[in-house]
Asks: 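I'd like to ask some things about the structure below.
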2 protein chains.
Amino acid sequence: MMTPERTVGRLSLYRRLLVAMRNRGTRHVFSHELASAAGVTAAQVRRDMMTVGCSGSPARGYDVPELIEHIGLFLDADEPEAVALVGVGNIGRAMMAYFEGRRPKLKMVAAFDQDGSKTNRVVHGCRCYPIEDMASVVDDRGIRVAMVAVPAEAAQDVADVLVRAGVRGLLNFAPVAIRVPEHVYVEDIDVTTSLEKVAFFARQKRAHKVSVS
Amino acid sequence: MMTPERTVGRLSLYRRLLVAMRNRGTRHVFSHELASAAGVTAAQVRRDMMTVGCSGSPARGYDVPELIEHIGLFLDADEPEAVALVGVGNIGRAMMAYFEGRRPKLKMVAAFDQDGSKTNRVVHGCRCYPIEDMASVVDDRGIRVAMVAVPAEAAQDVADVLVRAGVRGLLNFAPVAIRVPEHVYVEDIDVTTSLEKVAFFARQKRAHKVSVS
DNA sequence: CTCACGCTGTGAATCATTTCACAAGCATAT
DNA sequence: ATATGCTTGTGAAATGATTCACAGCGTGAG
Ligand SMILES: NC(=O)c1ccc[n+]([C@@H]2O[C@H](COP(=O)([O-])OP(=O)(O)OC[C@H]3O[C@@H](n4cnc5c(N)ncnc54)[C@H](O)[C@@H]3O)[C@@H](O)[C@H]2O)c1
Ligand SMILES: NC(=O)c1ccc[n+]([C@@H]2O[C@H](COP(=O)([O-])OP(=O)(O)OC[C@H]3O[C@@H](n4cnc5c(N)ncnc54)[C@H](O)[C@@H]3O)[C@@H](O)[C@H]2O)c1
């Protein structure tokens with residue numbers, strides 16, 4: 001019954017593609033069309049649709065608005081969710097700019113930083129508080145999801161405070177493995193690792209190409 | 001013989017942790033220590049060490065400097081590799097700041113942007129060129145790895161030019177599935193999807209907690 | 001009205017990755 | 001010298017994710 005992590009990621013991607021299709025006026029979509037747009041197989045799409053409990057017709061495929069709605073029911077909370085950001089540096093500011101008005105169900109409502117020159121103002125519609133206020137603001141506003149964009153040395157401490165204040169999910173940009181209690185979910189975005197993977201497989205592919213041809 | 005994608009990601013992570021250990025003066029490490037630092041199991045670490053062909057002693061564990069070297073031999077190219085960046089916006093600039101002097105084997109040597117106000121200068125040690133020069137600069141410098149940080153609408157076009165100019169690996173920040181020939185590797189960093197995953201599992205965990213206790 | 005086609009939904013099979021479990025090893029204490 | 005208590009390395013088992021393959025169906029053509 002527990003949904004696989006990969007599936008959730010793909011559903012988020014499908015939704016974005018489907019919204020774009022709807023905005024272009026597309027009403028129906030076949031599994032192979034969505035699959036090709038998402039870069040996965042048609043069977044995968046159909047399986048994923050099973051997990052959101054959505055079915056299509058053999059003749060027309062899936063109904064796009066209906067799919068968007070079902071994915072929303074599955075993925076989203078009932079109420080819009082408040083998200084906190086810790087660390088108003090390069091990455092933090094880029095994220096504020098990016099998320100402004102993008103996903104109405106996930107609104108960045110509070111940012112925190114140690115540096116006094118970055119706090120007590122509103123950036124991209126998000127209020128910036130001194131770090132000392134973090135526990136109380138997160139607790140008061142019932143914030144359950146936070147992005148961590150502070151230097152690696154500070155990430156664990158920040159996470160500890162967030163978790164104690166009630167946060168249940170962390171998106172971590174700092175290049176460290178954050179340790180959290182079992183009931184907290186952490187997703188890491190590790191750009192260095194990603195880039196090293198790209199460099200590694202870029203080389204592999206070249207080698208493979210040569211050896212085959 | 002083809003190394004799994006996951007393994008490569010973990011090796012990159014291990015290396016970072018090992019370098020930090022070495023800088024603290026640690027000479028030897030047991031699989032369970034590295035595992036705990038990386039947030040994986042000890043068996044996983046030992047398996048991964050097998051793929052880089054590195055062995056430890058039952059008494060002392062693995063030799064830290066030796067491990068760092070072996071992972072380097074496995075992951076890195078012989079020569080330092082040049083990396084290109086396309087899109088000198090919020091994300092692009094954050095990446096330039098971040099990678100400056102971080103990984104000597106992966107050096108960001110050229111950035112490209114459409115916007116004239118961002119080009120023909122040096123930012124964080126990386127020269128910014130007009131987008132028109134991209135194909136020739138990438139080709140001339142033999143660049144094989146590139147980061148794509150342009151708006152979604154432009155990403156496919158940019159990727160096409162890069163691939164034609166000889167790029168074999170892409171790190172893509174734009175929220176679209178980029179289509180590339182079979183011999184090119186693409187890794188996506190999709191912050192929206194990651195955040196939606198975090199929000200989803202944060203909720204799940206809460207539910208799980210309640211139902212168990 | 002009937003047929004043929006191409007799609008969906010899904011059990012079963014395949015493929016990939018992780019974990020188990022244990023023989024063999026090495027340093028240390030006795 | 002040898003017993004002890006850790007560890008490593010690794011087949012084999014388990015788990016997890018993806019793909020196959022096909023029955024069943026709805027639609028549009030004839
Ligand atoms: N910039 C990038 O492209 C990039 C890429 C990958 C990872 N990262 C990681 O993301 C994190 C942030 O990177 P950045 O480039 O935005 O760094 P940055 O230095 O620009 O910003 C860090 C911010 O965190 C604040 N801060 C420091 N300690 C704090 C604390 N204890 N509590 C609250 N705020 C604190 C600082 O005042 C600063 O505003 C780092 O861990 C970095 O390694 C950044
Ligand atoms: N900012 C974020 O936190 C964030 C997060 C996730 C994803 N992204 C994605 O990353 C990409 C960049 O985001 P950003 O916030 O840096 O955007 P941005 O608007 O700040 O920067 C985009 C840059 O690309 C340049 N550009 C546009 N078209 C171009 C083209 N055809 N060729 C070359 N350069 C071109 C622009 O001049 C600009 O400098 C977008 O696809 C965005 O969706 C950004």
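Letters A, B, ... mirror the listed sequences (proteins, then strands); counts begin at 1.
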Asks: Could you tell me the separation between the NE2 atom of A:His32 and the C1' atom of C:dG9, rounded to a whole number of Å?
Replies: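 One finds 16 Å between C1' of C:dG9 and NE2 of A:His32, rounded.
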Asks: Less than 4.0 Å between a side-chain N and a carboxylate O, is that true for A:Lys197 and B:Glu5?
Replies: yes
Asks: Describe the nucleic acid contact of A:Ser55 in one word from base, sugar-phosphate, nothing, applying a heavy-atom distance below 4.0 Å.
Replies: sugar-phosphate
Asks: Is there a donor and acceptor pair, one atom on the side chain of B:Arg6 and one on the base of C:dT18, closer than 3.5 Å?
Replies: no
Asks: Starting at OH of B:Tyr62 and ending at P of C:dG25, how long is that distance when rounded to a whole Å?
Replies: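 Rounding to the nearest Å, OH of B:Tyr62 and P of C:dG25 are 16 Å apart.
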Asks: Do any side-chain nitrogens or oxygens of B:Arg10 fall under 4.0 Å of OP1 or OP2 in C:dT18?
Replies: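 Affirmative; the distance criterion is met.
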Asks: Distance check: side-chain N/O of B:Ser57 vs OP1/OP2 of D:dT8, anything under 4.0 Å?
Replies: no
Asks: When you check the gap from the basic side-chain N to the acidic O, do B:Arg10 and B:Asp48 get nearer than 4.0 Å?
Replies: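 Counted as a salt bridge, because a side-chain N and a carboxylate O are separated by less than 4.0 Å.
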Asks: Take the protein atom CG of A:Asp63 and the nucleotide atom P of D:dG26, then report the distance between them rounded to whole Å.
Replies: 16 Å
Asks: Nearest nucleotide by nearest heavy atom, which residue falls closer to the 5' end of DNA chain D, A:Thr41 or A:Ala59?
Replies: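 Per heavy-atom nearest nucleotide, the more 5' residue is A:Thr41.
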Asks: Measuring to OP1 and OP2 of C:dA27, would you say a side-chain N or O of B:Arg60 lies under 4.0 angstrom away?
Replies: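 Answer is yes, contact under 4.0 Å.
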Asks: Rounded to whole Å, please give me the gap between NE2 in B:His28 and C1' in D:dT8.
Replies: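 My rounded result for the distance is 15 Å.
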Asks: Kindly indicate whether a cation-pi arrangement holds for A:Arg102 with A:Tyr98, taking the cut-offs as under 6.0 Å to the six-membered ring centre and within 45° of the axis.
Replies: yes
Asks: In whole angstrom, what separates A:Arg46's CZ from D:dA23's P?
Replies: 15 Å
Asks: Looking only at heavy atoms, which two atoms of A:Ala111 and A:Met96 are closest? And how far apart?
Replies: CB-CE, 4.3 Å
Asks: Which is more 5' along DNA chain D, the nucleotide nearest B:Arg47 or the one nearest B:Ala42? Just name the residue.
Replies: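 Taking each residue's closest nucleotide, the earlier one in sequence belongs to B:Ala42.
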Asks: Would you say a side-chain N or O of A:Gln44 is under 4.0 Å from OP1 or OP2 of D:dA17?
Replies: no
Asks: Is the shortest heavy-atom distance from the side chain of B:Tyr185 to the side chain of B:Val180 under 4.5 Å?
Replies: no
Asks: Rounded off to whole Å, could you give me the CE-to-P distance for the A:Met50 and C:dT8 pair?
Replies: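 Result: 14 Å.
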Asks: OP1, OP2 of D:dT8 versus side-chain N and O of B:Ser31: anything below 4.0 Å?
Replies: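 Indeed, a polar side-chain atom of B:Ser31 lies that close.
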Asks: What is the distance from CG of B:Asp48 to C1' of D:dT10, rounded to the nearest Å?
Replies: 14 Å
Asks: Taking the minimum atom-to-atom distance to the side chain of B:Pro4, which one of D:dT8, C:dT17, C:dC20 wins?
Replies: C:dT17
Asks: What is the distance, to the nearest angstrom, from the CD atom on A:Glu33 to the P atom on C:dC7?
Replies: 9 Å
